[in-house]
Protein chains: 2
Amino acid sequence: MSAANNKDGKYKYKGIPLTVVKRLPGYQRLLSELAAKEVERVSSRELAAKMKINPSQVRQDLSLFGSFGQQGYGYRVSYLLSEINKILGINAETKMVLVGGGQLGRAVANYRNFAKRGFIIEAIFDRDPRVIGRTIDNRVVRDVQELTAYLQAEPAEIGIICTPASAAQEVADQLVAGGIKGIWNFAPVALKVPETVCLEHVHLGESLMILSFKLKQKQEELFNQKK
Amino acid sequence: MSAANNKDGKYKYKGIPLTVVKRLPGYQRLLSELAAKEVERVSSRELAAKMKINPSQVRQDLSLFGSFGQQGYGYRVSYLLSEINKILGINAETKMVLVGGGQLGRAVANYRNFAKRGFIIEAIFDRDPRVIGRTIDNRVVRDVQELTAYLQAEPAEIGIICTPASAAQEVADQLVAGGIKGIWNFAPVALKVPETVCLEHVHLGESLMILSFKLKQKQEELFNQKK
DNA sequence: TTGAGATTGTTAGATATTTAACAAAGTATG
DNA sequence: CATACTTTGTTAAATATCTAACAATCTCAA
């Protein structure tokens, strides 16, 4: 292993560039697909082709975490997948709570791909009396006022925020008070949380705007080629 | 203006780094918020603080598209916002069609933030006979078999894919056949489309895995600090 | 068992992105 | 109307990321 550990092997995964981190789930998905097809081995060249990146980059990314391949052979799919799962922390079960039982919240609650990987939504909360008490994917929606108390009794690692932007910060504060370690935020707002809490945003609107920009750019390109 | 135009002013927005493009929606949202609060002026320092980046970066990002500020004053919020809207292509109305009327599709169809910015879902399609004919947010769900024919009669710019991964490629092909210009893909699969079509992925699962990685990293950090 | 071919992990070089620095040009105030 | 202050747009330096190159070493077929 190259850069990941210091002498006593304790300081793992420090200083991994965010650009590398963002590629890890891509490797995970590709390897899952290969494993499902019962492919035994894969080379950095093949992985790179599927990711549309350079083979050197695949090797360098992986080398930040260890030596998982073999010269002249490549990587054993099952082994590399299990190592990447460990790196991503999806080997153990992770408990989550979801706040916001609207359309988006229900979509997230019903999304099977998380559960498959050990991410379990333990409880769902909402503010709206018309939603509280109803059932979403076999879980009764609880009153958000019980959120912090619930978490103290039933700790969870990740809190999912699917509320409108106006309520998101308040919910985040309650999640933090309940001892949550990470927040997965779908509300289009920048949350403030203590340094000890991890934050990951999913801003759907921003993604659409990026597509819009690319479209505009490509149209101008084509227009100019015709001339 | 520095790098955006060539001599005759036609080749706009070429060669903008993707890292910059990804920040543009952030600027857009911040400026919208400031405009809503009727703030008149803003400096690169203030924008940078809210984006958690360096003021130089804000100025350099913007300078790729033009000169929108004034020495000693900063940027006029309303003007900069309108320029960024132009850059992102959210000044005109953009027609979209959505394929997949499941939980996620319904959530996207009901999401108000797009419509506010001129992105209109004109029609919704599904494969399931139990869903076809039902109404989602005032639009009747059509049979996906009609998709290509519909698009030929009623052109749209963007196709949204909210189907399971297994159906996504087929839907993408039909969208392309119907003359769609860009695809916004929520299915966890890498789509193949012609070079002329723009693609933007939203991989919810990948975002959760990144959060999981960060959590793991932070926990090890804290564990080591205690020692 | 040997040798040709393949592929890793790593180092060094090339490229891209971010940050610092500063002249230019405005604002604001007395 | 002069002057101190502010802040941009831009150039150059610093940093980060990506790519090429290659020794080391394994595979595989004969």
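The basis for the numbers below is simple: all heavy atoms, side chains too, and nothing from hydrogens, waters or symmetry mates. So that the names make sense, note that chain A is the first sequence line, chain B the second, and so on, each numbered from 1. Small disclaimer: the values here were computed from a predicted structure and weren't measured.
Of all the residues in residues 25-40 of chain B, not one reaches under 4.0 Å from DNA chain D with any non-hydrogen atom. Near DNA chain D, meaning a heavy atom under 4.0 Å away, the residues from residues 49-62 of chain B are B:Arg59, B:Gln60.
Between B:Ile183 and B:Ile180, some side-chain heavy-atom pair lies under the 4.5 Å cut-off.
For B:Ser67, the side-chain atoms get nearest to D:dG9 when compared with the rest of D:dT27, C:dT7, D:dG9. The listed nucleotides are C:dT18, C:dT7, D:dT10; the one nearest the side chain of A:Gln71 is C:dT7.
Identified under the salt bridge (Lys or Arg N to Asp or Glu O under 4.0 Å) test for residues 40-61 of chain A, with sequence neighbours left out: A:Arg23-A:Asp61, A:Glu40-A:Arg76. For residues 178-187 of chain A, the side-chain hydrogen bond (donor to acceptor under 3.5 Å, both in side chains) pairs, not counting sequence neighbours, are A:Trp184-B:Ser207, A:Asn185-A:His201. Annotation: salt bridge (Lys or Arg N to Asp or Glu O under 4.0 Å) contacts involving residues 193-213 of chain B, sequence neighbours excluded, comprise A:Arg29-B:Glu206, A:Lys214-B:Glu200. Residue pairs meeting the salt bridge (Lys or Arg N to Asp or Glu O under 4.0 Å) criterion with at least one member in residues 113-122 of chain B: none, sequence neighbours excluded.
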Under 3.5 Å, N/O pairs linking protein and nucleotides 28-30 of chain D:
residue : atom : partner : partner atom : Å
D:dC28  : OP1  : A:Arg41 : NH1          : 3.1

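Contacts of B:Gln57 classified as side-chain hydrogen bond (donor to acceptor under 3.5 Å, both in side chains), with partners at least two apart in sequence or in another chain: none. With sequence neighbours excluded, the residues satisfying side-chain contact (heavy atoms from CB on, under 4.5 Å) with B:Asn110 are A:Gln103, B:Arg106, B:Arg112, B:Ile136, B:Asp137. With sequence neighbours left out, A:Asp173 forms a side-chain hydrogen bond (donor to acceptor under 3.5 Å, both in side chains) with A:Gln169. Remark: A:Gln219 engages B:Glu157 in a side-chain hydrogen bond (donor to acceptor under 3.5 Å, both in side chains) (not counting sequence neighbours).
As a whole-Å value, the separation of A:Glu46 CD from C:dA6 P is 13 Å. The distance between atom CG of B:Leu64 and atom C1' of D:dT10, rounded to the nearest whole Å, is 11 Å. Rounded to a whole Å, the OH atom of A:Tyr75 is 14 Å from the C1' atom of D:dC26. The distance from atom CG of A:Leu18 to atom P of D:dT17 is 8 Å, rounded to the nearest whole Å. When the C1' atom of D:dT8 is taken as reference, atom CG of B:Leu80 falls 12 Å away, rounded to whole Å. Separating the CZ atom of B:Arg45 from the P atom of D:dG9 is a distance of 15 Å, rounded to the nearest angstrom. In this structure, CZ of B:Phe65 is placed 17 Å from C1' of D:dT10, rounded to the nearest angstrom. Computed from coordinates, the B:Leu47 CG to D:dT6 C1' distance equals 16 Å when rounded to whole Å.
Using a 4.0 Å cut-off between a side-chain N of Lys or Arg and a carboxylate O of Asp or Glu, A:Glu33 and A:Lys37 do not qualify as a salt bridge.
Side-chain N/O atoms of A:Ser44 include none lying less than 4.0 angstrom from OP1 or OP2 on C:dT7.
Nearest heavy atom pair, residue B:Gly26 against residue B:Met51, reads C-SD, 3.8 Å. Closest of all the heavy-atom pairs between A:Leu151 and A:Gly178 is CB-O, 3.5 Å.
More than 12 heavy atoms of other residues, nucleotides or ligands lie within 6.0 Å of NZ in A:Lys218, so this atom counts as buried by the packing criterion.
Overall, the helix from C:dT1-D:dA30 to C:dG30-D:dC1 carries an axis bend of 30° between its ends, with five pairs at each end and the value rounded to 10°.
Of the listed residues (A:Leu98, A:Leu147, A:Leu175), just one forms a side-chain contact (heavy atoms from CB on, under 4.5 Å) with A:Phe125, and that residue is A:Leu147.
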